[in-house]
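Note sheet for the following structure.
Here is how names work: the chains are called A, B, and so on, in the same order as the sequence lines, proteins then strands, and each is numbered from 1. Since the model is a prediction, treat every value here as computed from it, not as a measurement.
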Amino acid sequence: MFAGLFGKRDLLLPVTLLGLAAALGVSAMSLSTGDAGWGTQYTSMFSFDKYAQSFTAITLTSVLLLAGMSSWGFRTLNSSLGDHYALILFSLCGAVCMFSFTNLVMLFIGIEILSIPLYVLAGSRRDDLASNEAALKYFLMGAFATGILLFGMTLVYGSTGTFNTAAIGAAVERGVASPGMLKMGILLLVVGLSFKVSAVPFHFWAPDVYQGSPNTVTAFMATAVKTAGFAAFYRLFSTSFLGVNEFWSVGIAAIAGLTMTLSNFTAIFQTEFKRMMAYSSISHAGYLMMAILVAGQPGSAGAILLYMLTYSIATICAFSAYIVVAEPNGDGSFAAFNGLSKKQPLVALVMALSMLSLAGIPPLAGFFGKYFLFSTVMQQYPWLVVIAVINSAVSVYYYLKVIIAMYFTKEENTYEVLIPSSIRWVMVAGVVIITLLTVLPGNIFGLI
Amino acid sequence: MLEIIKTVPIEYYLLYSTVLFCIGVFGVLTRRNAIIVLMCVELMLNAVNLLLAAFSTYLGDAQGQIMVFFIMVVAAAEAAVGLGILVMIYRNTKSTDISLLDRLRN
Amino acid sequence: MVGIIGAGSLLASFLLTVMCLNQVGASGPIQSTLYHFMSIDRLSLDFGFLVDQLSVWMMMIITGVGFLIHVYSIGYMHDDEGFYKFFAYLNLFVFSMLLLVMGDNFLMLFFGWEGVGLCSYLLIGFWYTNRDYGTAARKAFIMNRVGDLGLLLGMFFIIKTFGSLAYKDVFAQLAGADPAMVTVICLLLFVGAMGKSAQIPLYTWLPDAMAGPTPVSALIHAATMVTAGVYLVTRCNGLFSMSPDAMHVVAIVGLVTAVFTAIIGLRQNDIKKVLAYSTVSQLGLMFLSLGMGAYVSAMFHVTTHAFFKALLFLSAGSVIHGMGGEQDIRNMGGLRKYMPVTFWVFLIGTFAISGFPLLSGFFSKDEIFANTYAHGGAIWWAMASVSAVLTAVYMCRLLYVTFFGEFRGTEEQRHHIHESPSVMTIPLMVLAVLSVVGGLLNTPHFMHLPGSQWMAHWLAGNGVNGTPIVPMAEVHLSASTEWSLMSFTTALALLVIVALYFVYGKVANLPVSDQKQTGFTKVVANKFYVDELYNSLFVKPTEALSKFLYQYADIQGVDGVVNGVGTGVSKLGAIFRRLQNGNIEYYLIGMVVGAALLFLTIFI
Amino acid sequence: MSFLLIIVPLIASALLLLARPSGVRQIALAVGVVNFAISIFAAYSALYDGTVNHETNIAWIEQAGIRFSVGMDGIGILMILLTNLLTPLIILSSQSQRIDNEPRYYGLVLMMVAALNGVFLSTDGMLFYIFYELALIPIYFICAIWGGENRIRVTLKFFIYTFVGSLFMLVSLLYLYLKTPGTHSFAWTDLVNVQLSTVEAIWVMLGFFFAFAVKMPVFPFHTWQPDTYVTSPTGGTMLLSGIMLKMGVYGAIRWMIPMTPEAWHTLTPYFMALAVTGIVYASIIAVKQSDFKRLIAYSSIAHVGLIAAGVMAWNKMGLQGSLIQMLNHGINVVGLFFVVDLIERRLGTRTLRQMGGIAKVAPRFAVLFMIIMLGAVAVPLTNGFPGEFLLLNGVWQYNNWLGAIAGLTIIFGAVYMLRAYGMAMFGETNAETAEFTDLDGRETAVLGIVAALVLVLGFFPNIILQLTDGTVNRILGSVQF
C-alpha cells in the first residue's frame with residue numbers, strides 16, 4: 001500500500017496482487033475450516049463470521065481481477081499510481097468493515113472508508129471534465145445521503161438505546177417505547193443504504209458517475225462497492241429489523257420493483273456501453289433488493305452472495321473487454337464493437353459470455369444467481385418475481401446489442417484491437433470462474 | 001449539569017434537531033453554489049450530532065457521544081475531499097455552480 | 001421393353017386373379033395378412049387382404065380391362081418422351097386400385113382410395129409442361145380430398161361405434177349398432193364416394209381430368225377408379241341397408257347427377273368431355289341403383305360400363321391419335337371411311353351404352369330401371385328413363401358427328417388421318433366383344449336367357465362372416481310389368497338412335513344450333529357455369545382470405561400486437577430516460593421526493 | 001449412454017469453437033453419425049414398458065434440489081432418434097454449400113444438438129429448463145450470423161420472444177418446486193406428485209403453455225416463426241423446424257399436462273380452439289404465399305397446430321399421433337427446406353412465380369421432391385399419414401366438430417403443397433430454370449435418405465408406435481384428472 005512512497009512503480013502491482021491473494025487465502029482457509037477468525041476479540045464492533053468471510057472472499061476475488069485489469073487500465077498514470085492502488089485498497093477495507101460490522105458505528109465508518117476514496121478515484125482524471133463532474137455529483141449526493149443515513153442511525157439509537165445490531169434486533173423484537181421514531185429511523189436508513197446500492201429513486205448519481213469515472217474505477221464501483229452495499233444492507237436488516245419487517249417490506253418491495261423496471265427500460269435507449277452498464281448495474285440492484293425483502297429466510301444470504309459473485313465476475317469481464325476496445329480508440333459506443341468477433345474472437349467471446357451471463361440466460365452463471373434469488377423470493381412475493389422475470393426479458397434486448405455488434409454486424413470499423421497480456425489473463429480467469437460457477441453454483445450458494 | 005439538560009424534554013431536542021436537519025436539506029436542495037451546499041450538508045451532520053448527544057445523555061449511554069466524535073472526524077475528512085474536488089472543478093470551469101454541470105445525462 | 005413389362009405385369013395379375021376367382025368359387029373367401037400396420041390399444045390395423053366374391057369381381061375388371069388398356073397404351077403413348085414414366089404411374093395406379101378392393105379393412109381401402117387419387121393426379125398432370133393440365137390435376141386431387149375427409153371422418157365414427165375397422169368385425173356387429181350413428185357413418189362414407197365417383201356436388205373434376213392421356217381416362221376415369229365409390233357402398237351394403245335416410249340421399253344424389261350431367265353432355269364438343277359427362281351420368285345411375293337397394297344391379301352396371309366406356313374412350317383415343325391430337329368433334333366428320341375398325345367398335349360402344357337390345361348396357365340398365373320402378377315408383381323410374389334417353393341422344397350425336405357426314409378438319413389433318421396400329425385396335429376389338437356379350441353375366445330371370453342372375457348369385461355367396469356379401473335384391477314385379485318397362489325404354493332408345501341419324505348422320509354439315517349457341521343451349525354448353533360458381537364461391541374467397549389474413553391479420557394484426565409491445569416498452573423507456581437530465585439539483589429533489597413517498601408507508 | 005449423447009457433441013462443439021481444427025466438416029459429420037449410432041444402440045437395448053432406461057443421476061446443485069438426471073423412456077428414445085437422425089442429415093446438407101467460418105458454424109450446430117438431446121433426456125425439471133434455454137443460444141447465433149436479409153431484427157425478436165416465453169415456464173417450474181414436500185426437488189416424479197388447487201394449476205399451466213406455445217409455435221404466438229425461418233440459413237431453419245419446435249410439443253407432453261392435470265379441463269378447450277384455429281389460419285395463409293420458404297413455414301405452423309391439438313386432446317390416439325408425427329414432420333420438413341435451399345442456390349430466388357418446368361430438366365430431383373411433398377400432404381403409405389390419421393382421430397375423439405375442422409388440413413395441405421410443387425416443377429422452363437442442374441451426389445444422398453424414410457415409415461409406422469406405446473400408457477395412467 002505504501003510501496004508508492006518508494007517510487008517502485010514496477011513493484012506496485014505484484015505487491016498488491018500478493019497482498020490480495022494472501023488475504024483471499026486467509027479468508028478461504030477460515031471459511032473451509034469454519035474458524036471464527038480473529039473477530040471474536042472485537043465482537044462488539046466486528047464479527048468476522050461466515051457471512052463476512054464469504055463476502056470478503058468474493059470481493060477479494062473481484063478486486064484481484066480488477067487489479068489485474070488495472071495494470072493496463074492505469075497505464076497512463078505516473079506519479080499517482082501508488083495512490084490509486086492505495087485508495088482502492090482503503091476502499092476495500094471499508095467494504096470489509098461493511099461485511100463484518102456488528103455495530104452501527106462500524107457500519108458508518110465502513111461506509112465512509114469505502115466512499116471517501118471513491119470520491120477521489122472518480123475524479124482522478126483531473127483534466128477530464130466528465131471525471132470532475134462525476135466526482136462532484138458523487139460527492140455531493142454521497143454526503144447528502146450520509147447525512148440522511150446518520151439521522152436514521154440516530155433515531156434508531158434514540159429509540160432502542162444502543163448501536164449494537166444484535167441488541168437493536170432484540171429491542172425491536174420486544175417493542176420500543178417510541179415506535180414512530182424507530183420507523184422513521186429505519187426508513188431513513190433505507191434511504192441512505194438505497195443510495196449506496198443505487199436503487200431507484202436514489203440512483204440518479206449512478207449513471208452519471210459510472211460514465212464519468214475512469215473505466216477501472218467504474219468497474220470497481222459496479223462490483224466491489226455494490227457488493228459491500230448489499231452485504232451491509234442485508235446484514236443490518238436481517239439482524240436488526242426483522243421484528244418489524246411487515247413495516248419496511250412494503251417500501252423495499254416498491255423500491256425493488258421500481259428499480260428494475262425503470263433501469264431496464266432506460267437502458268434500452270443507451271448507445272454508450274458504459275452507461276448501459278450503469279443502468280444494468282442499477283437493474284441488478286433492483287433484483288437484489290428482493291433479497292432484502294426476504295432477509296432472514298434460509299438461503300437468502302447465499303442467494304445474494306452467489307448473485308453478487310456472478311454479477312461481479314461478468315461485469316469485470318465485460319469491462320476488461322470494453323477497455324481494450326474503447327480506450328485506445330476513444331469510442332465507447334456499441335458501434336465500437338462492430339465486427340469484433342473477426343478481429344479478436346477471444347475478446348468477443350468473453351464479452352458475449354458476460355452479456356449472456358448478466359442477462360441470466362441458462363446455463364451461464366448469471367442464471368443461477370437469478371435462479372437462487374428468485375426461488376428464495378418466490379414463496380412470499382410471487383408477483384414481484386413475475387415483474388423481475390419480465391424485466392430480465394427486457395434486459396436481454398440491450399445485452400444482446402453488444403453481441404449483435406460483435407457477431408452479426410457486417411460493416412466493420414477500422415479500430416485495431418490489441419489485448420495486453422494482463423488483460424488476457426483477467427479474461428481467461430474470468431471465463432474460468434464463470435464456467436466453474438456454471439457447473440457448480442451450489443457450492444458458492446452453500447457457503448453461508 | 002445532566003439535571004439541567006434533562007429539564008428540557010427530549011422531544012424538544014428532537015424537534016430542534018429535526019428542524020435543523022430540514023434546514024440543511026432545504027439548503028442542499030435550493031442552493032446552487034457547491035460550497036454552500038457543502039455547508040448545508042455539514043449543517044445536517046451537526047443536527048445529527050446534537051441529537052446524538054442529547055440521546056446519549058438521556059439514555060445515560062456513552063456510545064452516542066463516541067459516535068459524535070466519529071462523525072466529526074469523518075465530516076472533516078469528507079469536507080477535505082469535497083473541497084479538493086471543488087478546487088479541481090473550479091480550476092477547469094472557473095465556477096462553483098452545480099447546475100452548470102450537466103454534461104453527463106440521459 | 002417398358003411396355004412389355006408394364007402390360008406383362010398386368011397380364012400376370014390378371015391370370016392370378018383368375019386363379020383367385022376359381023379358388024373363391026370353390027372354397028369361399030381368401031384372407032391373408034401381410035403384416036401388422038399399426039395398433040393403438042384395442043384398435044389393431046393390419047395390412048391385410050380379403051379376396052371374396054365382391055373383390056375378386058372388381059379385380060377381374062381392374063386387371064382385365066387394365067391389361068387391355070396397357071396393351072393399347074403401348075401403341076398410343078409410343079412417341080411420348082415420358083413413356084417409361086407413364087407405365088410406372090399406370091402400374092402404380094393398378095396397385096393402388098387393387099389395394100382398394102382387396103383390403104380387408106377400411107384403412108386399406110383408404111390407402112387405395114388415396115393412392116388412386118394420387119395416381120389420378122399424376123396422370124392427369126402427365127403432360128406437366130402445360131400449366132392448365134397441372135391445374136386440372138390439382139383440382140381432381142383436391143376435390144377428391146374433400147371426399148376423403150368425409151371418408152376419414154366416417155372411419156372415425158366406425159372406430160367409435162364398432163371398435164374396429166376390419167370389415168369382418170364391423171359387419172358382424174351391425175345388429176347392435178345405433179341406427180342414428182349408422183346413418184351418420186353412411187352419409188360420411190357417401191361423401192367419400194361422391195368425391196371419388198364424381199357425384200354432385202363434387203363432379204366437376206372429372207371432365208377436367210380428361211387433360212390426361214386418353215388411356216388414363218379410359219382406365220381411371222371411366223372403368224375403374226371412379227367406380228370405387230360404388231364398390232364402397234356395395235361393400236358396406238349392410239350399413240346402408242340399416243339406414244333408409246342415407247339410402248334416400250344416395251338415390252337422390254345419383255338421380256340428380258344422372259340427369260343433370262346428361263344434359264350438360266348434350267352440348268359438349270370435345271369428344272372426351274362428352275364421354276366424361278356420360279361417365280358421370282352413368283355413375284349417377286349406379287348410385288341411383290344403390291340407393292334403391294339394388295347393389296347387384298349397380299355392380300353389374302359397373303361391369304358393363306367398364307367394358308363399353310373403356311371401349312368408347314379407347315376408340316376416342318384412337319380417333320384423337322389418328323387426327324394428330326384433335327379433340328373437337330366439330331372438326332371431324334366422316335371418319336367412318338378413314339378409320340373403319342375404330343368406327344365399328346365405337347358404334348358398338350355407343351349402342352351398348354344407349355341400351356340397344358341385347359347388348360351389355362341393355363341388360364344392366366334394365367335391371368336398374370326395374371329396381372327403380374319397384375322400389376321408388378313411377379316418378380323415379382320416369383326420371384331415370386329421361387337420363388337414359390339423354391344418354392342415347394348425346395352418344396348418338398357424338399357418333400354421327402364424328403364418323404358420318406363430311407370431314408370438316410384442315411387439309412393437313414386429312415392427310416394425317418390413319419387407322420391406328422393393331423396394338424391399339426386389338427384391345428378395342430376385345431372390348432367390343434365384351435361390350436356385346438357382357439350382359440350375359442346377369443340376365444334378368446324373366447327372360448330365361450343363359451346366365452340368368454348368375455352374377456347376383458355369385459355375389460350373394462357367403463363372405464367371411466358366413467352371411468351373403470351382397471344379398472339378392474328382391475324385385476316384386478310381375479314378368480309382364482318388367483317386359484313392358486323394358487320394351488318402353490328400349491323403344492325410346494331405338495327411336496333416338498334413328499331420329500338423330502337424320503339430324504346429324506345424314507347431313508354434311510353440323511346443324512346451326514351446334515355451331516351458334518344461344519340462350520339455354522349456351523348455358524348448357526358452359527356446363528351451367530358450375531365451375532365458375534365454385535370458383536367464385538370457394539376458390540376466390542379462399543385466395544382473397546389468404547391474402548387478407550397474411551397482410552392484415554398476420555402481419556398487421558397478430559404481429560402488430562407483438563411489435564406493439566416492443567414499441568410500448570421503448571416508448572416507456574424514452575419517458576424514463578428524461579428523468580436523468582444531468583442536473584444535480586433535480587437528482588437531489590428526486591431523492592427527497594422519493595424519501596417522502598417512502599415515509600408515506602408509515603401510515604399504511 | 002444418455003450422458004454420452006449430451007457430452008459427445010458438447011465436447012466436439014467446444015473443440016470446434018475454441019481449437020478450430022482442420023477437417024471440420026468430417027469431424028462434425030462423424031460426431032453426428034456417432035451420436036446416431038449411440039442412439040440406435042440405446043434404442044435397441046432399451047425396455048419399452050414405460051420405464052426410464054440408461055439413467056444417469058448425479059447430484060449437481062443439491063442446495064436447489066437440482067440433479068443432473070438424464071434417462072430415456074419410450075418418448076425420450078423417439079425424440080433422441082429424431083434429433084440424432086436429423087443431425088447428420090442437416091450437417092450433410094449444410095456441406096453442399098460454402099459457409100464462412102465453418103468451425104464456428106458446425107461448433108454451434110453440435111452445441112445445439114447437445115442441448116436438444118439434453119432437453120429430451122432430462123428427468124429433472126430445472127435441467128430441462130436449462131437445456132431448453134441453452135438450445136436457444138447456438139440457434140440464435142446460427143441464424144443471426146449466417147442469415148439473410150433483416151436477420152438481426154428478426155432473430156432478435158425470435159430470441160426475446162421465445163426467451164420471454166420460457167421465463168414464464170421458469171416461474172411455473174419454481175412454483176411447483178416450492179410445492180414439493182420436504183426438501184424440495186425438481187425430479188419429474190416429485191413434481192408430478194404435487195397437488196395443486198385448480199386456480200393454482202391454471203396459472204402454472206398458463207406459464208408452461210406460453211413457453212411451449214411460443215416455441216411450437218401455436219397461433220397467435222407464431223409471428224416470429226415465418227420471418228425467422230425465411231431469414232435463417234437452411235441448416236438453421238432445419239434445426240428450428242425439424243427439431244427445435246418439437247421441444248415445445250415434447251414439453252407439453254412430458255411437463256405441462258402431467259404437471260397440471262387439475263387445469264386440463266378448464267384450459268384445454270381454449271388451447272384446442274387456438275390450435276385448431278391455427279391449423280386453418282396458417283393453411284389459408286399458405287395457400288397464396290409466393291415465397292416458397294415462407295409457404296413451408298406457414299405449413300409448418302398448420303402441422304404443428306394439429307400436433308398440438310392432438311396433445312391437448314390427451315388421449316391415446318392423439319398422443320401417439322403427435323409423437324409419430326413429430327418424427328415424421330421433422331423428416332419431411334428437413335427434406336422440404338433442403339429442397340428450397342437447392343432451388344434457391346441454383347436459381348437465386350425463392351419466389352414460386354419465377355420457377356417452373358424444373359421437372360423437365362431435373363427428373364431425379366422431381367421424383368424425390370414429389371415423394372417428400374406427398375409425405376407432407378400425408379398421402380397414405382407415406383410417413384405423414386399415420387400421424388395425421390391418429391391426430392385427427394384424437395382431436396375428433398375430444399370433440400367431433402373440432403376434429404372435422406382440423407380435418408380441413410388434409411384439404412388445404414393438398415392445396416398449398418400441390419400448388420407449390422406445380423408452380424416450381426411443372427409448366428415450361430424459363431431462362432433460369434432451363435439451366436437447372438440435377439442433383440449431385442451429396443444432394444441425392446440427403447434427399448434420397450429423406451425420401452426413403454418417408455416411404456419406409458409410411459409403410460411401417462408400427463416400428464415407431466411401439467417405441468412409445470408403453471410410455472404413453474404409463475403417462476396417461478399416471479395423470480389423473
Quick check on [X] against chain C: is it the side chain, the backbone, both or neither that has a heavy atom closer than 4.5 Å?
| X | result |
| --- | --- |
| D:Phe221 | neither |
| D:Arg294 | side chain |
| D:Leu374 | side chain |
| D:Ile324 | neither |
| D:Gln320 | side chain |
| D:Tyr298 | side chain |
| D:Val367 | neither |
| D:Leu465 | side chain |
| D:Phe412 | side chain |
| D:Met425 | backbone |

For [Y] together with [X], are the ring centres under 6.0 Å from each other?
| X | Y | result |
| --- | --- | --- |
| C:Phe157 | D:Trp396 | yes |
| C:Phe86 | C:Phe126 | yes |
| D:Phe426 | D:Tyr421 | yes |
| C:Phe37 | D:Phe460 | no |

I need the minimum non-hydrogen distance between D:Gly74 and D:Thr468, along with the two atoms involved. O-CG2, 3.8 Å

Considering only heavy atoms from C-beta outward, does the side chain of [X] approach that of [Y] to under 4.5 Å?
| X | Y | answer |
| --- | --- | --- |
| D:Leu327 | D:Leu78 | yes |
| D:Leu381 | D:Leu455 | no |
| D:Thr382 | D:Ile371 | no |

Just wondering, are more than 12 heavy atoms of other shown residues or ligands nearer than 6.0 Å to NZ in C:Lys547? no

Only pairs of heavy atoms separated by less than 4.5 Å count here; which of [options] has the most with chain D?
| options | answer |
| --- | --- |
| C:Asp148, C:Leu118, C:Asn130 | C:Leu118 |
| C:Leu45, C:Ile142, C:Leu43 | C:Ile142 |
| C:Ala137, C:Ser96, C:Ala553 | C:Ala553 |
| C:Leu99, C:Leu549, C:Thr542, C:Asp554 | C:Asp554 |

Most contacts with chain C, counted as non-hydrogen pairs under 4.5 angstrom, among D:Val287, D:Asp469, D:Leu392, D:Asn393: D:Asn393

